[in-house]
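It should be emphasised that the depicted structure is a prediction, and the values quoted were computed from it without experimental measurement. Start at 1 with the first residue, then count along the sequence.
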Amino acid sequence: MSVRNHSFVTAFVIVGFPGLQPEFYGLASTVLFLVYCCILIGNVVVIILFATHNVLHKPMYFIILNLVVSDVLFSTTTLPKIIARYWFQAGAISFFGCFLQMYLVHYFGAVTSLLLLIMALDRYVSICFPLRYPMIINNSTIHILNVTAWVLAHLPSLSMVIRAYPLPYCDSNKIMQCYCDHIAITTLACTDRAPYSFPAFVVAMVVLLGPLAFIIFTYCSIIVAVVQIASPQGRLKTLSTCSGQLIIIALYYLPRCFVYLASNIGIRFSADLRIVIIMLYSLLPPMINPLIYCLRTDEIKQIMIKRFRRIQVHVQ
C-alpha cells in the first residue's frame, strides 16, 4: 500500500465523549476502569469454575466458555485505551493500531453473534428433539461449531478493514468514539464514503441479522414445542432452561437493532448520547453475563451455593 494512497494522517486521536468537560475526565476514567475490573473479575470467575469442575464440561458450558473469552478479549481491546485517554490524556493511537483495533472490535462482535446462534441451536435441539440431543449435540460437535465461529468471523472483519485501509485520510484525525470502528474511521476519509459504507452496512446486517433470524426461528419452534407439553409445571421447567440464554441474546441484539433501526428511520441522537448507547450495549453484556451464568444455570448456581456454604462454615 503506497503512502500517497492513504494520506498524511499517521496517527489518530480517540476523543471519546466529545461533550465531556475536562473536570469530569477523572470520573469517566474511574467508572470505565471499574467496569473493566468487573468484567475481568466476573468472567475470570466463570473460567476458573469451568476449569476446576468437570461437571461443567458439557456442550452448553463450552459455548458459555467461548462467550466469556470473547467478552474478555473485546473489553481488553477497547477499554484500556479509552481509560488511558481520560486518565493520562493518552488518546493517540497509531494508524496501524487504529485499524487493528477496528478489526478486533468487529471480529469479536461477529464471534459473539455466531456463538449466540450456536447457543440457540443447542436449546432448539434439546427441547424440540430431546431423544436425539445426545447424538446431535455432544462436546465434539460443539468444539467444531465453536472453532467454525472463530474462523468464519474473520471474513466480515477483514472485508471491512481491506476496504477502509486504502482510503485517503488527509483531514481530521479525531475519532469521535471510544474506540476505532468502521464508521468512526471512514467518516474521516477525504472521499465519498458511500461506495464503501453501503457494502460495510450490508456485511454488518448479514452478521447481525443472519444469526438473529435463525435465533428467532429456533425460539419460535421452542415455544411451539413447549405449548404442546401437557403439564404446566413441565412447560415452566422447560422454559426456565432457556431464560438465561434469552436474557443474554436480548442484551446483545435488542440495543444494536434499536440503533440500526433508529438511524434508518431518521431518528438522530447527539454524538455523546450515541456513544453512550454504543458503550452500554458493548460493555453491559460482558459485565452482566457472568451474573446470568451464575444465577440462571443450575450447575454453576449449585457450585456457587456450595462455595458460599463452605466459606460460611470456615468463618464460623
Same apolar cluster: [X] and [Y], side chain cutoff 4.5 Å:
| X | Y | value |
| --- | --- | --- |
| L155 | V151 | no |
| Y293 | V69 | yes |
| L280 | M176 | no |
| I292 | V35 | yes |
| L114 | L73 | no |

Hey, does the side chain of [X] reach the backbone of [Y] with a donor-acceptor pair shorter than 3.5 angstrom?
| X | Y | result |
| --- | --- | --- |
| N43 | V72 | no |
| T112 | F108 | yes |
| R235 | V226 | no |
| K81 | C178 | no |
| S159 | P156 | yes |
| H106 | H182 | yes |
| T141 | I137 | no |
| T78 | F74 | yes |
| E299 | L56 | no |
| K306 | K301 | no |

* Asked: Hey, mind stepping through Y86 and T30 against side-chain hydrogen bond (donor to acceptor under 3.5 Å, both in side chains) and telling me if it holds?
  -> CA-CA 9 Å; Y86 284 124; T30 301; over 6 Å; no
If you look at every heavy atom in [X] and [Y], which pair is closest and at what distance?
| X | Y | value |
| --- | --- | --- |
| G26 | S29 | O-OG, 2.8 Å |
| I185 | C98 | CD1-SG, 3.7 Å |
| V207 | S113 | O-OG, 2.9 Å |
| I39 | L283 | CD1-O, 4.0 Å |
| T187 | A184 | OG1-O, 3.0 Å |
| P199 | R163 | CG-NH2, 3.8 Å |

Would you give the length of the straight line joining atom [atom1] of [X] to atom [atom2] of [Y], rounded to the nearest 0.5 angstrom?
| X | Y | atom1 | atom2 | answer |
| --- | --- | --- | --- | --- |
| L34 | I83 | CG | CD1 | 9.0 Å |
| I229 | I127 | CD1 | CD1 | 7.5 Å |
| L116 | L121 | CG | CG | 12.5 Å |
| Y165 | T186 | OH | OG1 | 15.5 Å |
| C170 | L188 | SG | CG | 10.5 Å |
| L115 | D71 | CG | CG | 9.5 Å |

Under a 4.5 Å cut-off applied to non-hydrogen side-chain atoms, are [X] and [Y] in contact?
| X | Y | value |
| --- | --- | --- |
| P290 | V45 | no |
| D122 | M119 | no |
| P232 | L236 | no |
| Y253 | P211 | yes |
| W150 | N66 | yes |
| Y252 | I248 | no |
| T10 | F96 | no |
| R256 | L212 | no |

**Item:** Neighbour count >12 (heavy atoms, 6.0 Å) for atom OH, Y219
**Value:**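 Yes, because the 6.0 Å sphere around OH of Y219 holds more than 12 heavy atoms from other groups.
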- Task: Assess whether atom CZ of R274 is packed by more than 12 heavy atoms of other residues, nucleotides or ligands within 6.0 Å.
- Result: no
Taking the cut-offs as 6.0 angstrom to the six-membered ring centre and 45 degrees off its axis, would you call R85 and Y179 a cation-pi pair?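 No, a cation-pi geometry is absent between R85 and Y179.
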Exercise. Give the C-alpha distance, both sets of side-chain angles, the deciding distance and a yes or no for side-chain contact (heavy atoms from CB on, under 4.5 Å) between V55 and Q302.
Key: CA-CA 11 Å; V55 70; Q302 292 303 318; over 6 Å; no
request  = Give the C-alpha distance, both sets of side-chain angles, the deciding distance and a yes or no for side-chain contact (heavy atoms from CB on, under 4.5 Å) between I275 and Q177.
outcome  = CA-CA 6 Å; I275 293 169; Q177 175 60 287; 3.5 Å; yes
- Would you call the rings of Y103 and H154 parallel, tilted or perpendicular, where under 30° means parallel and over 60° means perpendicular?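 Rings of Y103 and H154: parallel, as their planes differ by under 30°.
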Is there a side-chain contact (heavy atoms from CB on, under 4.5 Å) between L67 and N289? Walk through the geometry before answering. CA-CA 9 Å; L67 281 170; N289 284 352; 5.8 Å; no
### Message
Taking the ring centre of each residue, are F95 and F99 less than 6.0 Å apart?
### Response
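Close enough - the centres of the two rings lie under 6.0 Å apart.
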Original post:
Can you check whether F62 and F50 have ring centres sitting under 6.0 Å from each other?
Top reply: yes
| query | Is it true that the side chains of T77 and Y107 contain a donor and an acceptor less than 3.5 Å apart? | reply |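 The answer is no; no qualifying pair exists.
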Take Y36 and T76 through the side-chain contact (heavy atoms from CB on, under 4.5 Å) test and state the conclusion after the steps. CA-CA 8 Å; Y36 186 44; T76 302; 3.0 Å; yes
